[in-house]
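Working notes, structure below.
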2 protein chains.
Amino acid sequence: MPYDLILQNIGKHIHLEPQEEARFVSLLTSRKLKKKQFLLRENEVCRHSAFVTQGCLRSYNLDENGFEHILQFAPPDWWIADMYSLISQQPGSLYIDALEDSEVLLLSKKDQEQLYHDCPKFERFFRIITENSLVANRRRVLDNLSLSAQQRYAMFCQHYPSLINHLPQKQIAAYIGVTPEFLSKLRKEFRHS
Amino acid sequence: MPYDLILQNIGKHIHLEPQEEARFVSLLTSRKLKKKQFLLRENEVCRHSAFVTQGCLRSYNLDENGFEHILQFAPPDWWIADMYSLISQQPGSLYIDALEDSEVLLLSKKDQEQLYHDCPKFERFFRIITENSLVANRRRVLDNLSLSAQQRYAMFCQHYPSLINHLPQKQIAAYIGVTPEFLSKLRKEFRHS
DNA sequence: CGAAAACAATAATGTAGATTAAGAAAATAT
DNA sequence: ATATTTTCTTAATCTACATTATTGTTTTCG
């Protein structure tokens, strides 16, 4: 079953009865993405929460010079969406695409809200993962304000060790907020220390 | 009644029956803070969510050189806490203090969880405001990555017009991530354009 | 009210990180 | 396999913003 991972993910925070699991799973649609394929583009309305089961996605925006700035990486067992657009149902500013061949499970906004209504446990689950994501993003705001690029890279290595050897360095540079050239220099200093 | 503001705040997202309002209000404790007085310090465990009814608070951390970096301003009608510490009940890294004489209503973590259990509507309320806060913080991460200091200042003016004339510039500098000296220079350019 | 403290403006100098450019290595596709 | 594209490294130069210092202004508070 390809639903093991998502049920385990939910099971970390709430307990579901078998029929609740069945109901939940029945609302999911699976989608495969080739490397570089988009799940969402700027100015589109985000209509689903996505749970990654294989591969790796990312969300990012483009600045006025066309440079990419990465908001989130989503390896297997992570949720990803343009939360602003998903909540407001207004066109968003994020792109979401696949960094490698990937597979996601999609839950529509409508079904998600119906779940909240029918079974408050799901509202608890999404409250908790939203809280956790908020804590991580607040941490990141403070890190961007108070740490040097060297320190931010060290934090990234510490926090996401599995992604370091998995992702191209330019993607990591676009996440911590430096140019790939400067990250290359940082890594050289890192080796000698 | 000093509870009007908080009940209206909740009323933006859920509807409460009179007895639910009474129950909720009975869990709140009021606290006055003098300017510069702390609600929370680094390494303390955060045990309450705070709702500001008067004045203005802020949350911030200190970097290794002792500089302040502001995570959040909380004027009246805003909630503030060290979410990491509140969730984990571990010592946090944030300071929360009053920028002027202020008043807050405190809801303990225990009571908040009891409310979730007794009345799922409250879980909905906190899910929604947590989602909104997450959207704002993700926006801020991307702004820090993709905008110049000049642009970040312009965004702040646009987004928080009431705070601009209310707060010392050095506080705004510590929020957008520049030194007070540089913000002073930015403002001069701003006037001439 | 007056003294002390906090805040703001300006300017000279310093630096972390950007930009540009060019070549080497690795991954991808035909 | 080899051609093409993408990624990585290195180095020279440039710039947005920090640091330091000085002076003036506003707030705070006894």
Side-chain angles (χ1 to χ4, degrees), chain A residues 33-37 55-56 58 60 62-70 97-102 143-157 163-193, chain B residues 33-37 55-56 58 60 62-70 97-102 143-157 163-193:
Chain A
L33 294 166
K34 285 284 178 195
K35 183 171 181 171
K36 294 191 181 179
Q37 198 179 343
C56 189
R58 62 171 181 165
Y60 66 96
L62 295 182
D63 67 24
E64 57 191 6
N65 303 312
F67 288 106
E68 297 173 357
H69 301 278
I70 296 179
D97 69 0
L99 289 167
E100 54 192 275
D101 293 355
S102 301
D143 286 351
N144 285 161
L145 293 179
S146 56
L147 301 181
S148 68
Q150 182 70 264
Q151 291 171 314
R152 274 177 278 138
Y153 178 63
M155 293 288 288
F156 187 93
C157 292
L163 291 179
I164 285 291
N165 306 309
H166 201 73
L167 297 175
Q169 281 173 219
K170 61 175 296 200
Q171 303 296 333
I172 294 165
Y175 181 94
I176 65 175
V178 295
T179 57
E181 293 83 357
F182 191 66
L183 179 57
S184 178
K185 196 191 278 187
L186 289 182
R187 282 166 52 85
K188 188 162 66 167
E189 293 168 28
F190 218 62
R191 274 178 242 128
H192 298 304
S193 67
Chain B
L33 293 167
K34 285 283 176 196
K35 183 169 180 172
K36 294 191 180 179
Q37 199 179 341
C56 189
R58 62 171 183 165
Y60 66 95
L62 294 182
D63 67 24
E64 58 191 6
N65 303 313
F67 289 105
E68 297 174 356
H69 301 277
I70 297 180
D97 69 1
L99 289 169
E100 54 191 277
D101 292 356
S102 301
D143 286 351
N144 285 160
L145 293 178
S146 56
L147 301 181
S148 67
Q150 182 70 264
Q151 291 172 313
R152 274 177 278 139
Y153 178 63
M155 293 289 288
F156 187 92
C157 292
L163 292 180
I164 285 292
N165 306 309
H166 201 72
L167 297 176
Q169 282 174 217
K170 61 175 296 200
Q171 302 297 333
I172 294 166
Y175 182 94
I176 66 175
V178 294
T179 57
E181 294 83 357
F182 192 66
L183 179 57
S184 178
K185 196 190 278 188
L186 289 182
R187 282 165 52 85
K188 188 163 66 167
E189 293 167 28
F190 219 60
R191 274 178 242 127
H192 299 305
S193 68

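Per chain, numbering begins at 1; letters A, B, ... match sequence-line order. On a predicted model such as this, the values are computed, not experimentally measured, just so you know.
- Atoms CD (Q151(A)) and C1' (dA16(C)) sit 12 Å apart, rounded to a whole Å.
- Remark: P of dT10(D) and CD of Q169(A) are 10 Å apart, rounded to the nearest angstrom.
- When the C1' atom of dA24(C) is taken as reference, atom NZ of K188(A) falls 14 Å away, rounded to whole Å.
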> Can you give one letter per nucleotide of nucleotides 14-29 of chain D, 5' to 3': B if a protein heavy atom sits under 4.0 Å from the base, S if only from the sugar-phosphate, - if neither?
Replying inline: ---BSBBB------S-
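- L99(A) has its CG atom 12 Å from the P atom of dT28(C), to the nearest Å.
- Atoms CD1 and CG, from I172(B) and L186(B) in turn, are 12.0 Å apart once rounded to the nearest 0.5 Å.
- In terms of heavy atoms, S102(A) sits closest to G55(A) at OG-CA, 3.4 Å.
- Between K36(A) and D97(A) there is no salt bridge, since no side-chain nitrogen of the basic residue lies less than 4.0 Å from a carboxylate oxygen of the acidic one.
- What separates CD of E100(A) from P of dA29(C) is a distance of 13 Å, to the nearest Å.
- Counting heavy atoms from C-beta outward, L62(B) and E68(B) have side chains that approach closer than 4.5 Å.
- We find that NE2 of H166(A) is positioned 13 Å from P of dA27(C), with the value rounded to whole Å.
- Contact check for L147(A) versus Y153(A): no side-chain heavy atoms found under the 4.5 Å cut-off.
- Between E189(A) atom CD and dA16(C) atom P the separation is 9 Å, expressed in whole Å.
- In this structure, CD of Q171(A) is placed 14 Å from C1' of dA27(C), rounded to the nearest angstrom.
- Of all non-hydrogen atoms in I164(A) and C157(A), the two that sit nearest each other are CD1-SG, 3.6 Å.
- Comparing dT9(D), dC8(D), dT10(C) by their closest approach to the side chain of R187(A) singles out dT9(D).
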